Every structure is written in structure tokens, then in C-alpha cells.
Participant: 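Before anything else, here's the structure in question.
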Amino acid sequence: MATEAISYERMHLNLKKLGLSSVCEVVDSALETAAGQEQSFVEFLDGLLEAEVSARNERTCETKIKMARFPFKKGIESFDFSFQPSIDRKQIRDVLTLRFLSEGVNIVLLGPPGVGKTHLAVAIGMAACQAGHTAYFTTADELVAMLVKSYSTKTFDAKMSFFGRMSLLIIDEVGYLPLDRQASNLLFQLISKRYENGNSVILTSNRGYGEWGSMFSDAVIASAVLDRLLHRSVTINIRGESYRLKDKRKAGIIGATKPLTAPSGTETELGIAS
Ligand SMILES: Nc1ncnc2c1ncn2[C@@H]1O[C@H](COP(=O)(O)OP(=O)(O)O)[C@@H](O)[C@H]1O
Ligand SMILES: [Mg+2]
């Protein structure tokens, strides 16, 4: 075999051994391009390494999105802001810079059913994963059930460390299930841990803050949880029509809904309550 052919085979073998699978895939066409365009050695090598790095980033991002367990994969580009004029696009843009994650700010999305709370929460979560953060999506009911089960199977510490260290925890549909004393206490421990670690939470709810309190068995725990959640938080209050029902409403099958009243809360010009 000619030396060039030996080198070529060994190159492919070594690329595989080194785990440079993307370089391995593109190297043949890159060699042809380089010969045709008289690329410099640096440009050639740079092109190959870029291909490997961007493929790896994409894989990491896909893994993070899978681990986050979003109920669907929808980004902000598929959100129709013109349908929901009560949403301040600038505020959403600001949230999507992900500055809130480094500042440990929580985001609370409030509004009636179908106005896009879960969609926005997922879009923000996906943006966080794309930026290399870890995220986890769950509903309040599911989260409480997991905490209670872990307590009875003596895996509570492991669950707490999992939920506590995640960069972003999304808790969907807060404020329905009445919690007993143990469940309230376990949820309090998780919220406290994230608060102390400076890790953000996104919460969505159809109910105002006033009603959240009644889900806890005890008024003291309720105010301790709400204090921590709302200490540094942004409230996005969506007052509008259900996107799910828009076609039916257009066709006159159902009437218009009454908008949800805004929960009271002090907010700074940044929209951060403190
Ligand atoms: N403004 C919007 N633009 C595009 N799709 C929307 C919009 N609002 C809601 N949807 C879609 O309508 C459905 C219901 O929205 P969802 O986020 O689940 O509402 P909520 O959580 O407020 O009940 C989802 O499929 C969502 O993607
Ligand atoms: Mg929802």
C-alpha cells in the first residue's frame, strides 16, 4: 500500500480512537475543499475543529433538553406575541438573556388557562439548556409526590440534592393540590435550599398568590415558602384569551372569558420584587 493510503487509513483510525467522530465524518470533504480552494493549514484545521466543537455543543444541548423533561419542545420563536398583547415583549427578552439565573431571581407566570404560561416556561427553560445550564420541568403535584415518595423510601437527601443544584427548576401549575403537613414541610425544605443556593425557579399558576397560601396545611409554612419564592422575583401576569380556544371563539362557539385579576406585589422598574 502506498504511504499516503496508509496515512489516510491511520488518520481515520486515530480520529475514531480519539472520539473525534465529527472530524471523521467531514474530513474527506474538507480535504477536497482544501485542495480545491488552496486553504491554509490553519484554516483547514480550524474548520475541522469547529465542526467537532459545534457538534459536541449540539449533543450536550440535546442531552440537557432531554434531561429537563419538558412536556413539549417549543421555543420563543413559536410564541405569537401579537395574540397576547398583555405580555411585555421587552420583559420576556430581558428574561431570555438569562441574567435572572445568575441573580437567583424567580419568575412567576400567572394567568388563566391556555394563555401560554407553560409554553413561555418551556421556551425559557430551553434557552437555558441551549446556553449550557441544567433545567428540570415538573408540575407542582408531581414534585410533591416525588418528594413525599423519596422521604418514605429514604432517598430524600438524594432528591433534594438533585432538585437543589439544578440551575433552573420549573414548577408548573402551582396552587391546586392541598398539601398535608409533611408535604408542605418537604416542599418548604426544597424551596429554602434553592433560595439559599441562589438557584432560580420558574412557577406557573392559574391562581393569584393569595390562593397559593391555602394549599399549605399551615399559615406559617405558607408565608415562609412565599417569602422565599417572592423575595427576588419577576411576575409576568398574562391577562388574555386562551390560545387553545381562539378558533372556537372566532367561530362563535363559546363566549369571551373574564381576565384574571392581577395579584398584588411590589415591583421595581426591573420588575423584580424585593
Ligand atoms: N401566544 C401563543 N402563541 C403560540 N402558541 C401559543 C400561545 N399561547 C399558547 N399557545 C399554545 O397553546 C397551547 C396552550 O398553551 P399553554 O402554554 O399550555 O397554556 P397555559 O399553560 O397558560 O394553560 C400550547 O400548545 C401552546 O403552545
Ligand atoms: Mg400550563
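Start at 1 and go down the list; that is how both ligands and their atoms are numbered. FYI, side chains are in, hydrogens and waters are out, and symmetry mates aren't considered; it's all heavy atoms of this structure. Keep in mind that this is a model prediction, so the values were computed, not measured. All residue numbers in this chain count up from 1 along the given sequence.
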Participant: Mark yes when over 12 heavy atoms from residues, nucleotides or ligands other than Phe41 sit less than 6.0 Å from its CZ; otherwise mark no.
Facilitator: no
Participant: Looking at Gln182 and Tyr151, what are the two nearest heavy atoms and their distance?
Facilitator: NE2-CD2, 2.9 Å
Participant: Kindly check if the number of other-residue, nucleotide or ligand heavy atoms within 6.0 Å of CD (Glu58) is above 12?
Facilitator: no
Participant: Classify the contact between Tyr243 and ligand 1 as side chain, backbone, both or neither, using a heavy-atom distance cut-off of under 4.0 Å.
Facilitator: side chain
Participant: N/O/S atom of Thr204 under 2.8 Å from the Mg ion (ligand 2), yes or no?
Facilitator: no
Participant: With heavy atoms of Lys74 as the reference, note each atom of ligand 1 found under 4.0 Å away.
Facilitator: 24 (C), 25 (O), 26 (C), 27 (O)
Participant: Would you say the ring centers of Phe216 and Phe188 fall short of 6.0 Å from each other?
Facilitator: no
Participant: Distance to 0.1 Å, residue and atom name: give those for the protein heavy atom nearest to atom 13 (C) of ligand 1.
Facilitator: Arg244 CG, 4.0 Å
Participant: Going by heavy-atom distance to atom 20 (P) of ligand 1, choose the closest among Ser78, Ser242, Gly114, Ala121.
Facilitator: Gly114
Participant: Could you tell me whether ligand 1 has any atom less than 4.0 Å away from a heavy atom of Val115?
Facilitator: yes
Participant: Within a distance under 4.0 Å of any heavy atom of Pro113, pick out the atoms of ligand 1 and give their elements.
Facilitator: 23 (O)
Participant: Tell me whether the count of non-hydrogen atoms from other residues, nucleotides or ligands lying under 6.0 Å of CZ in Arg69 goes above 12.
Facilitator: no
